[in-house]
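A quick note: this is a predicted structure, and the numbers were derived from the prediction, not measured.
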Amino acid sequence: MAQTKGRSKHVRPESAGAGRAAERYVLTLYVTGATAGSLRAIANLKAICEQHLKGRYQLEVVDVYRRPERLRKDQVVAVPTLIKKLPIPLRLLVGDLSRTEQVLQGLGLVARTS
């Protein structure tokens, strides 16, 4: 509770992602061809984006077999890797993105739990 001129005022902490309803998300997902892990990561990410970011995300999928120079540019060392470029801060998530709660936390859409 915060005190203001002798009156108490309740202050509610904002949840992560509050006030971001109009923010655009710029995401890059690095995959290795059409492997099972890559296809799973793409499907998982698209499902999450359509449910939580519908109409306000840009997703680029980069096949590292076709564009290996992009690995160096974005300093990617494991695949599949998701990079959230915007909104800041930049975040990297590695894996098949099947743990929805962790992906949402990494994207800043829900508060982190301890």
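Partners of Thr81 by side chain to side chain donor-acceptor pair (under 3.5 Å), not counting sequence neighbours: none found. Residues that satisfy the side chain to side chain donor-acceptor pair (under 3.5 Å) test with Ser98, not counting sequence neighbours, are Asp96. Scanning for salt bridge (charged side-chain N to carboxylate O under 4.0 Å, His left out) contacts around Arg72 gives an empty result, with sequence neighbours left out.
Applying the side chain to side chain donor-acceptor pair (under 3.5 Å) test to every pair with at least one member in residues 44-53, sequence neighbours left out, gives these pairs: Glu50-Lys54, Glu50-Tyr57.
With respect to the salt-bridge test (charged N to carboxylate O, under 4.0 angstrom), the residues Arg70 and Glu60 qualify.
From Cys49, atom SG reaches atom CZ of Arg56 across 10.0 Å, with rounding to the nearest 0.5 Å. Atom CD1 of Ile42 sits about 11.5 Å away from atom CG of Leu82, to the nearest 0.5 Å.
Both Leu59 and Leu93 are assigned to one and the same hydrophobic cluster, defined by single-linkage of ILVMFWY side chains at heavy-atom distances under 4.5 Å. Put simply, Leu29 and Leu27 are part of the same group of oily side chains (I, L, V, M, F, W, Y) that touch within less than 4.5 Å, one to the next. Placement of Val94 and Leu71 in two distinct hydrophobic clusters is found when ILVMFWY residues are connected by side-chain heavy-atom separations under 4.5 Å, directly or transitively. Criterion: ILVMFWY side-chain heavy atoms under 4.5 Å apart, direct or through other members. Under it, Val110 and Leu53 are part of a common hydrophobic cluster. Residues Val61 and Leu107 fall within the same hydrophobic cluster, defined by Ile, Leu, Val, Met, Phe, Trp and Tyr side chains chained together at heavy-atom separations under 4.5 Å.
The minimum heavy-atom distance between Gly108 and Tyr25, with the atom names listed, is O-OH, 4.5 Å. Of all heavy-atom pairs between Asp63 and Gly33, the closest is OD1-N, 3.0 Å. Contact between Ile48 and Leu97 at its shortest, heavy atoms only, is CD1-O, 4.0 Å.
Of the possible polar contacts, none joining the Arg91 side chain to the Lys85 backbone as a donor-acceptor pair under 3.5 Å is found. Judged by distance alone, with hydrogens and angles left aside, the side-chain atoms of Thr28 form no donor-acceptor pair with the main-chain N or O of Ile83 at under 3.5 Å.
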Taking only distance into account, with no hydrogens and no angle test, what donor-acceptor pairs under 3.5 Å do side-chain atoms of residues 73-80 form with protein atoms, sequence neighbours excluded?
from, atom 1, to, atom 2, distance (Å)
Asp74, OD2, Tyr30, OH, 2.3

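The closest side-chain heavy-atom distance from Leu86 to Ile88 is below 4.5 Å.
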